[in-house]
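The structure under discussion appears below in the form of structure tokens.
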Amino acid sequence: MAGLESRTRFEPSEVEPRIIERWLSSGLFSPEAAGPAAENYSVAIPPPNVTGALHMGHALNGAIQDALVRYHRMLGRRTRWTLGTDHAGIATQTQVEKSLVQEGTSREELGREAFVQRVWAWRERYGGTIVEQFKRLGASCDYQHERFTLDEDYAQAVARVFVDLYHAGLIYRDHYLVNWDPGSGSAISDLEVADREVTDTLYDVAYPLIGAAPDEAQEVIVATVRPETMLADTAVAVNPLDERHAHLIGRRVRLPLVNRELPIIGDEYVKADFGTGALKVTPGHDPNDFEIGRRHDLNQLSVIGEDGRMTDLAGPRFTGLEVSEAQVAVVQALREQGYLRAERPYTHTVPYSHRSGRRIEPLVSLQWFMRMDELAAPAAEAVRSATVRIHPASQARRYLQWLEEIRPWCISRQLWWGHQLPVWYRGQETHVALTPPEGDGWRRDEDVLDTWFSSALWPFATLGWPQTTPELDAFYPTSVLSTARDILFLWVARMVMMGLRFTGEVPFSDVYVHSVIQAPDGRRMSKSLGTGIDPLDEIDRHGADAVRFGLLAMSSSQDVRYSPEKVQQGQGLANKLFNASRFVLMHVDPAARAAPAPETIEDRWILSRLERAKQQTAERLEGYDFSHAALGLYDFVFGELCDWYLELVKPRLEPAADAEARASVSANLLHVLSETLALAHPVIPFVTEEIHAHLRSASDPELLAGARWPAAHPELLDEPSERAVARAIEAVQAVRGWRDSVGCAPRLEVPVRLEAPGYEQTGGLLARMARLRLAGEEQASAPAVATVAVPGGSVAVLDVSGLDLGAAQRRVQESARRLRSEIARAEGKLANAGFVAKAPPAVVEAERAKLAALRAELEAL
RNA sequence: GGGCGGUUAGCUCAGCUGGUCAGAGCGCCUGCCUUACAAGCAGGAGGUCGCUGGUUCGAGCCCAGCACCGCCCACCA
């Protein structure tokens, strides 16, 4: 017990490291792989980037998952929270490359093998950071079985999936227009691209019409924001329904600067009312044109290379120029040669790489793709049939919509850090298998897989799939996946697809999509904007419990601003619980723990309120309603347990109090406090664990983290007592307000006569908490000098001197005025024939009762 | 261009199937070092619930329109 009484504040920084140690050495977080998955509780953490550091999103999701995991562990389920990190191809490679540049070398200089070794070394050095940070948050992950998406057996699983899908015809290689990210030097998927609004120049360029009759237009004018790509034009398209242009279909134009003849084709994609109604078609450098090109069997010319420079095909004048330089040069040339008809500023959205921030260059290139339609259908059905439940439901609609419009996924990346494709080539031969081909002359495909390809296997590959392991039996399918909205498609949908395809089961039954935490000013939290708040700084300042509570309290189904006040509130809660516990331990011997023994009305009240808090907290956690779970605990601890119950029982704890009263209140206090600690533990594990160490009796488990969730005691529910005490509390507050307004000395005991029903059991409570002395029979007719309205009637103040009676009078009048207006409103309502006739009888009855009560109160004044 | 969500006290947000729903925390004001907690306690001020209509006996709560704000999806050169 030493340590708890000696401080008046909860000191997180002193307590947390010690508790983390105890948790980790207890083995509680690393359950035995036994029992069926349906009975166990299993969560696979969204693996953070191996080189990453804990940010607010991790902290929020960590708090959410840990609340769920701790709650279910306390319910007695075998609970495993699988921890691990993602190799995060582009992100990690970019980071290591940056450090190479600082050393004056480069990836290319090192060569692939040495570079990959460097990344592994980097991972050795920095990979543990985020795992340590999860510990500081108090996350009860299974740290003994940490996984990494490049682990040897994980890599085997990835290769196996690739090979299977290839042989099933779902993975194929194709020349296709991809999002080329010049920053990372790799193709990236559609989901890694973000549009940004930019203002470019829209140029009108004249393409001379070949064989134009003297009486017709001599040229076709096209509009473009990327004139440099005209060098790769292979057609001009018009809408066949466009009267101005339809007659041109089948004719030809001459491409300026290049002098190539281009056919004029008809395609309904072209908007007659946009620009000039004629579209230059560049299948090699524009996604739409690529589609048009496929429909019309056009050539795909490339004038831009993967290095972002113009290729030989661009012609001697432009070869080797950067794209932006080429644009200037092409416009210059067009102007010189008289083909430029107009130019004007034009604002539109263009794709940028999520990773490198560079503008995407659409290029035709030979890549590996995955056909998604066949996998998407069962994944959609899983959600439609609620085999996978997405919370909130609005996110399920987004998920389904995305799956309906799904397109092939470009899965190859031109990187060195990742799962290299299990593909070998020799001449025209292609070998796709788990093992290299026999014989000489084979060359392995240099590309690696999109990181999300391997993460899609996370829930089962972390448990040993494709082997049938005890872990897989015990913990797959997992129970819930908690994640941010932005990776619903990138990751969640793909896990469902892969899970169904390769295990025949959905990877999780529930998906909780949590808020994105914005900066307090509503902007994105980001390092580059300087709007980021480091959760570890917050933990240092306020404690992990405070941060966890705060994050849960601010979470909601939509984006929220970071609220330091909520963290402060959490800190207050931790401190409050700590001090309440100190108080209890100062007066009660925890070894003398006994069953609760309600003796007084406040005992029955708090025990009943505790039952409700237990039920409510469980419901809210199970319903993914974390903010109300957290705030509800706060309300119970402050608003009921500390503000009222502890104050109410103080007299019974005095040494002077009789032994029976002390025994009763001791049992009740210990019961309420220990169950409250358990209730709060999933949200604020540290402070509750710390108190538990001092409070526990011999029969309790050593760690609260390993204790059971308090069982329901329906026999302790007592609604009449709840009502009576609630009414008494209101009365106390009314009297305190009155005392304050009339300048009544805080300590002065005021003689009063209670003139209201409903306080039969709570009169003593009322008197003590409001510092009143209740008059006996002998003063039944003593004159009142003032009156205080309380629920159901009034308190008549007798013979008290030194008060501001004017203020008292004003207060009475204020009460009366309020009552009269409420009475008038109730009367009006009841006088309304429509209300009486159409409202449900119970509502009308309630209104009548309310009116009667109000009249009684007014009367008493 | 579609779709979704938001607009409630100075700030950040709660308000379940329409009838004590006008709330919380923080901030602010007043008074208290009351022997668990001054990171505390008690009291108080503060909102025509974005705007306009409608449905209803009754509307922050339902419907329509509008105005802002945010997010997602989308190939208009």
Side-chain angles (χ1 to χ4, degrees), chain A residues 4-5 7-10 195 202-204 222-226 229 237 269-271 273-282 286-292 346 348-349 351 362 392 394-395 397-398 401-402 405 485-486 488-489 516 518 520 522 542 546 550 553-554 556-566 568-587 625 627-628 631 634-635 638-639 642-643 646-647 650 732-733 736-741 743 745-747 769-771 822 826 829 832-840 842-844 846-847 850:
Chain A
L4 208 53
E5 285 102 333
R7 307 171 168 277
T8 61
R9 285 181 198 172
F10 176 62
D195 285 343
L202 183 64
Y203 299 93
D204 282 355
V222 300
T224 179
V225 291
R226 301 209 50 196
T229 65
Y269 165 77
V270 181
K271 305 279 181 295
D273 57 354
F274 187 87
T276 59
L279 172 70
K280 66 189 263 310
V281 182
T282 321
D286 181 277
N288 306 312
D289 296 6
F290 182 82
E291 295 297 333
I292 296 173
Y346 180 68
H348 62 148
T349 58
S394 57
Q395 298 304 322
R397 288 197 295 275
R398 278 184 62 217
Q401 201 177 355
W402 184 73
E405 297 164 4
R485 210 178 30 219
D486 52 348
L488 192 63
F489 308 145
V516 172
Q518 301 169 329
H542 306 283
M554 55 186 111
S556 108
S557 58
Q558 62 170 55
D559 292 355
V560 291
R561 298 176 181 212
Y562 186 76
S563 158
E565 294 83 4
K566 290 281 192 294
Q568 194 64 50
Q569 204 178 339
Q571 192 175 346
L573 176 61
N575 194 56
K576 193 74 177 175
L577 258 186
F578 182 80
N579 276 297
S581 305
R582 284 180 59 226
F583 171 76
V584 171
L585 287 172
M586 285 166 125
H587 294 90
D625 184 2
S627 72
H628 289 109
L631 293 169
Y634 182 94
D635 287 343
F638 269 79
C642 294
D643 287 355
L646 293 188
E647 294 303 326
K650 277 180 180 175
V732 170
Q733 286 168 333
R736 283 173 175 171
W738 173 83
R739 296 180 63 118
D740 206 51
S741 70
R747 309 280 192 102
M769 300 309 286
R771 286 195 188 274
E822 280 187 46
K829 214 168 175 180
N832 181 335
F835 175 69
V836 179
K838 297 191 182 177
V843 173
V844 177
E847 198 63 34
K850 181 179 166 189

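The chains referred to below are lettered A, B, ... by the order of the sequence lines, with proteins before strands, and numbering in each begins at 1.
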A:K650 side chain near B:A36 phosphate (N/O to OP1/OP2, under 4.0 Å): yes
Atom C1', compared across B:G50 and B:C61: separation rounded to whole Å: 16 Å
Sugar-phosphate only, base, or nothing, as touched by A:R226 at under 4.0 Å among non-hydrogen atoms: nothing
Sugar-phosphate, base or nothing in reach of A:L646, heavy atoms under 4.0 Å: base
Between B:G25 (C1') and A:Q569 (CD): distance, integer Å: 4 Å
Dot-bracket encoding per residue of RNA chain B, Watson-Crick/G-U cut-off under 3.5 Å, | denoting interstrand: (((((((..((((.....[...)))).(((((.......))))).....(((((..]....))))))))))))....
Atom-pair distance (CE on A:M554; C1' on B:A24), nearest Å: 15 Å
Under 3.5 Å: donor-acceptor pair, side chain of A:R739, backbone of A:R771: yes
5' priority, RNA chain B, between A:W402 and A:L279 [closest heavy atom]: A:W402
From B:A36, B:A77, B:U12, nucleotide with atom closest to A:T224 side chain: B:A77
Value in whole Å for how far the C1' atom of B:U35 lies from CZ of A:R582: 11 Å
Euclidean distance for C1', B:C51 against B:C11 (whole angstrom): 23 Å
Atom-pair distance (CD on A:Q395; P on B:C73), nearest Å: 11 Å
Protein-nucleotide distance (A:R561, atom CZ; B:G25, atom P), rounded to Å: 22 Å
Touch class at under 4.0 angstrom, heavy-atom based, for A:K566 against every strand present: base
First of A:V560 and A:D635 reached from the 5' end of RNA chain B, by closest nucleotide: A:V560
Touch class at under 4.0 angstrom, heavy-atom based, for A:V516 against every strand present: nothing
Any donor-acceptor N or O pair under 3.5 Å, side chains A:K280, A:T229: yes
Contact under 4.0 Å: A:H348 side-chain N or O vs B:A77 OP1/OP2: yes
P atoms of B:U20 and B:G46, separation to the nearest Å: 22 Å
Shortest non-hydrogen contact between A:L279 and A:V222, atoms and distance: C-CG1, 4.1 Å
Distance in angstrom units between A:R397 CZ and B:C71 P, rounded: 20 Å
Same-atom distance (P) from B:G25 to B:G65, integer angstrom: 39 Å
Sugar-phosphate, base or nothing in reach of A:Q733, heavy atoms under 4.0 Å: sugar-phosphate
Sugar-phosphate only, base, or nothing, as touched by A:Q568 at under 4.0 Å among non-hydrogen atoms: nothing
Any N/O donor-acceptor pair, A:R736 side-chain to B:A42 base, under 3.5 Å: no
Touch class at under 4.0 angstrom, heavy-atom based, for A:R398 against every strand present: sugar-phosphate
Nearest-neighbour nucleotide for the A:K838 side chain, B:A77, B:U56, B:G70 considered: B:U56
Shortest non-hydrogen separation from A:N288 to A:D286 and the atoms involved: N-OD1, 2.8 Å
From B:A77, B:A36, B:A42, nucleotide with atom closest to A:V270 side chain: B:A77
Pairwise P distance, B:G5 and B:A64 [rounded to whole Å]: 12 Å
Nearest to side-chain heavy atoms of A:N575, which nucleotide of B:A36, B:U34, B:A39: B:A39
Whole-Å distance separating the CG atom of A:L631 from the C1' atom of B:G23: 12 Å
Touch class at under 4.0 angstrom, heavy-atom based, for A:R739 against every strand present: nothing
Touch class at under 4.0 angstrom, heavy-atom based, for A:G572 against every strand present: nothing
Nearest-neighbour nucleotide for the A:Y346 side chain, B:A77, B:A36, B:C37 considered: B:A77
Distance-only polar pair, side chains of A:R736 and A:Q733, donor-acceptor under 3.5 Å: no
Value in whole Å for how far the P atom of B:A74 lies from CD of A:E405: 7 Å
P-based separation of B:C33 from B:U48 [nearest Å]: 37 Å
Side-chain donor or acceptor of A:R582 paired with backbone N/O of A:R9 under 3.5 Å: no
Nearest listed nucleotide, side chain of A:H628, among B:G15, B:A36, B:C41: B:G15
Under-3.5 Å donor-acceptor pair between A:Y269 side chain and B:C75 base: yes
Candidates B:C73, B:C41, B:A39 - which lies nearest the side chain of A:R9: B:A39
Touch class at under 4.0 angstrom, heavy-atom based, for A:E647 against every strand present: base
Closest contact, heavy atoms only, A:V270 versus A:A237: CG2-CB, 3.7 Å
B:G31: syn or anti, per glycosidic angle within 90° of 0: anti
A:Q395 and A:R398: CA distance, side-chain angles, deciding distance, side-chain hydrogen bond (donor to acceptor under 3.5 Å, both in side chains) verdict: CA-CA 5 Å; A:Q395 298 304 322; A:R398 278 184 62 217; 2.7 Å; yes
Short side-chain to backbone donor-acceptor contact, A:N579 and A:N575, under 3.5 Å: yes
Nearest-angstrom distance, C1' atom, B:A77 to B:C4: 29 Å
Exercise: identify the closest heavy-atom pair between A:E647 and A:C642: CG-O, 3.8 Å
Proximal nucleotide (of B:A39, B:C76, B:U30) relative to the A:Q571 side chain: B:A39
CG on A:L631 to CE on A:M554, rounded to 0.5 Å: 10.5 Å
Selected nucleotide, minimal atom distance to A:D740 side chain, candidates B:U30, B:A39, B:A36: B:U30
